[in-house]
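Each chain gets a letter, A, B and so on, in the order its sequence line appears, and its residues count up from 1. Remember, predicted model here, so these are calculated numbers, not experimental data.
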Protein chains: 4
Amino acid sequence: MPTKKKPQVTPTPERRRELLATAAEVFAAQGYNATTVRRIADEAGMLAGSLYYHFDSKESMVDEILSTFLDELWQGYDEVLAAGLGPRETVEALVTESFREIDRHRPAVAIYQKESQHLATQPRFAYLADSQTRFEKAWLGTLERGVADGVFRDDLDIRLTYRFVRDTVWVAASWYRPGGQHSPEEIARQYLSMVLDGIAPRT
Amino acid sequence: MPTKKKPQVTPTPERRRELLATAAEVFAAQGYNATTVRRIADEAGMLAGSLYYHFDSKESMVDEILSTFLDELWQGYDEVLAAGLGPRETVEALVTESFREIDRHRPAVAIYQKESQHLATQPRFAYLADSQTRFEKAWLGTLERGVADGVFRDDLDIRLTYRFVRDTVWVAASWYRPGGQHSPEEIARQYLSMVLDGIAPRT
Amino acid sequence: MPTKKKPQVTPTPERRRELLATAAEVFAAQGYNATTVRRIADEAGMLAGSLYYHFDSKESMVDEILSTFLDELWQGYDEVLAAGLGPRETVEALVTESFREIDRHRPAVAIYQKESQHLATQPRFAYLADSQTRFEKAWLGTLERGVADGVFRDDLDIRLTYRFVRDTVWVAASWYRPGGQHSPEEIARQYLSMVLDGIAPRT
Amino acid sequence: MPTKKKPQVTPTPERRRELLATAAEVFAAQGYNATTVRRIADEAGMLAGSLYYHFDSKESMVDEILSTFLDELWQGYDEVLAAGLGPRETVEALVTESFREIDRHRPAVAIYQKESQHLATQPRFAYLADSQTRFEKAWLGTLERGVADGVFRDDLDIRLTYRFVRDTVWVAASWYRPGGQHSPEEIARQYLSMVLDGIAPRT
DNA sequence: CATGAATGAGATTTCATTCAT
DNA sequence: TATGAATGAAATCTCATTCAT
């Protein structure tokens, strides 16, 4: 993450997005609390105080990063959930969608992973807990339908399964680098294969 | 995590362990950077300054928490790795051992998850990176052996598999609560079942 | 004090006066230090930076507000003092003149009340202290003449009386609202009646 | 207001009071907004940050200064109002009490004068407006009783009279210096004499 | 004339740490 | 061992001011 030195300035709503992208990158790399606004400003090629022309506070930066990400995530998820797919296809679509989001919002996802528990205690970030709840509902419902339909095993604790699948997917954000050798779809395919069929060979 | 008010003082090495347990709990809940030493002191029923009789610094607290945990972890792992088991049995034993460690050191594991990447940049915490390397070697080796032996699938990217298994196990620390309805062995059993055989029923 | 949104621009000396009036209003309401130039700009329907086309600095705004007010005040006072009236008539004329100034320059008077002591420490605002001195001279002189002539009581500490009359009149700026039910002349009449004859009925 | 250099430290609740006294002095002299916490700390012989061991914020300092003052003020006022005095005696007692408060809490009174309007807009300082209301009720009631009883003139606007008396008394805080040549009781006596009988001699 | 973006100085606040008692 | 009070460094934030467009 070398310091960028681009004195050529881009127009206005663009600039905001650029700055948020920079901030997200640093937050993801160092952790929210360990990141100073000065560091973000350095990275953006301006002085710390100048950031406050664009944002109210450091907090409002994470806020915007996380809520933008969640808005997009739910747009994708809602489409999948509304498509009337079977449980297995729903799981496949959700996982694929998740890896696409990781691909597009990797820093945001990483921040979400590391900081959401901690941030959610503040009223301002209540939407994080809300999202968590919705998430759980969507996944648990799908898994239950799948067990009923016989496309998922019925000998597993369903909440354990939920956590297994959820964590399995999202922690990928901690190591995923966009532009790597695998596309998000390819990673999703392999993950799904492991999650659905296991790493032991089917006889 | 209610505030303890015990003016009766326990002998010194005991006290130290108590304080570290308290600190670990708070670090895990709030994150290392977001935790003030005052908060730890509050929780321990003393004033911030008093902690410095017991510890050199806040850093030395995490240090001791993490290194104690890793020492124990590797004791367990090394035993497994030295036992001359087959790859599948090794995986089973490592996962089971991991859930036992989560059971005994949940806060430490949670801290490790959240902070190790960030802390590892400091020389003092070089052992975190070392451990990471050893860890990777142990798991990758086992998986490769397993593929060679035909007990693990050969159509998967092996690094992806490694990350999948590693993350899958350790993130459990973020939701695991000791004394819950499942013992660590039971959770390990179910996780292994999912990881090895998948969540789709074997025909 | 509603936000004005007039993009139609008035010629330049007019505009200047408008902006000063706006600034004075805000300074009076919030206090000089607590007023940000952004707030003034908001109120004037422009951006903070744009004010600097019209004025050198925030300081120069108060400066102009206060000196304009004091110039007018002394014009009125000097006329009264030069008129060769008796001490009682002088007091009546000065008080009436004062309430007229409050009527026309209420925000300026309020600012003067609240900030002059503090501002007077800066060389730029030396004229505030000068005015204070002239003011004191005029009033004390008039009161002394009145005592000598027997039209004011001689059993009172004359400096106390001075402060009493001075404060009594000027603090009115803190509650006076132009266009209220009493004209400045009517308020002056009642104030004079209280100051000269007291609030207890004359037997 | 010279910098005090007393390294000898006084015990604990005492220290708090000392610091508040120092802060009040500076706030009164410079205005709340124009006062930096560094300035207060300098005056107290410590570093700016050290003040935060004793107080949450600069705001909480004024808060404590003002509320302490108002509590004491109302203790005195309530005693007077409960004493069942006639209207004229009540006025005399209230004015005397007021000058005593000015004597004991001069900086607090000065701060109250200058900043209360501005501070009262914040929820935290709602009690300032409450006090204002109570104050008005007490004075207006007394004045009305007096008019009805014939001990005060009936040809004056009563609200004007109220403001006249109120301001007249409290602005004294801006020039009063404890330990001056007049005791608070003596000042109260002269003020009352002016307010009740006017500055023109009774024939 | 006004905007949008930034600067730079300084203000408040936080917090790990120290130390005399 | 613990307390109470402070230090000192750094972090967040504020704001008057500048300037190219």
Item to complete: Rounded to the nearest angstrom, tell me the gap between atom OH in A:Tyr53 and atom P in E:dT3.
Response: 10 Å
Worksheet item: What's the CD1-C1' distance between A:Ile40 and F:dC13, to the nearest Å?
Response: 13 Å
Fill in: Spacing between A:Leu51 atom CG and F:dT14 atom C1', to the nearest angstrom
14 Å
Discussion item. I'd like to know if the side chain of D:Thr68 and the backbone of D:Ile65 have a donor-acceptor N/O pair within less than 3.5 Å.
Written reply: no
Discussion item. Run the salt bridge (Lys or Arg N to Asp or Glu O under 4.0 Å) test against C:Arg124 and tell me which residues pass, sequence neighbours left out.
Written reply: C:Glu59, C:Asp63
Fill in: Residues in contact with DNA chain E, drawn from residues 116-128 of chain C - heavy-atom cutoff 4.0 Å
none
Item to complete: Any pair with a residue in residues 28-56 of chain A that passes ring pair (Phe, Tyr, Trp, His ring centres under 6.0 Å), sequence neighbours left out, goes on the list, sorted by first then second residue, please.
Response: A:Phe27-A:Tyr32
Discussion item. I'd like to check the side-chain hydrogen bond (donor to acceptor under 3.5 Å, both in side chains) partners of A:Ser131; sequence neighbours left out, ordered by chain and number.
Written reply: A:Trp74
Item to complete: For D:Ala48 and D:Val37, work out which heavy atoms get closest and say how close.
Response: CB-CG2, 3.8 Å
Worksheet item: Quick one: is C:Arg15 getting a side-chain N or O under 4.0 Å of the E:dA2 phosphate, OP1 or OP2?
Response: yes
Worksheet item: Taking the side chain of C:Met46 as heavy atoms from C-beta outward, which of F:dA2, E:dT3, E:dA5 is closest to it?
Response: E:dT3
Practice prompt. Could you encode protein contacts along nucleotides 15-21 of chain E as a string, one character per nucleotide from 5' to 3', using B for base contact, S for sugar-phosphate-only contact and - for no contact, with a heavy-atom cut-off of under 4.0 Å?
Written response: BSBB---
Worksheet entry | Summary of salt bridge (Lys or Arg N to Asp or Glu O under 4.0 Å) pairs that have at least one residue in residues 105-119 of chain A, sequence neighbours excluded | A:Glu25-A:Arg106
Item to complete: Go through the structure and list residues passing side-chain contact (heavy atoms from CB on, under 4.5 Å) with A:Thr121, not counting sequence neighbours.
Response: none
Discussion item. Rounding to an integer number of Å, can you tell me how far C:Leu19 CG sits from E:dC1 C1'?
Written reply: 11 Å
Worksheet item: Given that both pair distances must be under 3.5 Å and the pair must be Watson-Crick or G-U, what runs of three or more consecutive pairs involve DNA chain F?
Response: E:2-21 with F:2-21
Discussion item. Check whether B:Ser50 reaches the backbone of B:Met46 with its side chain - one donor and one acceptor, N or O, closer than 3.5 Å.
Written reply: no
Practice prompt. May I ask you to decide if A:Gln113's main-chain N or O and A:Ser116's side chain share a donor-acceptor pair within less than 3.5 Å?
Written response: no
Item to complete: May I ask you to evaluate whether A:His54 reaches the phosphate of E:dG4, defined as a side-chain N or O under 4.0 Å from OP1 or OP2?
Response: no
Worksheet item: Just how far, in rounded Å, is C1' of E:dT13 from CZ of D:Arg39?
Response: 20 Å
Worksheet item: Taking only residues two or more places apart in sequence or in another chain, which ones pass side-chain hydrogen bond (donor to acceptor under 3.5 Å, both in side chains) with A:Glu64?
Response: A:Arg16
Worksheet entry | Residues D:Glu72 and D:His105: side-chain donor-acceptor under 3.5 angstrom | yes
Discussion item. What is the separation between atom CG on A:Leu47 and atom C1' on F:dA11, rounded to the nearest whole Å?
Written reply: 15 Å
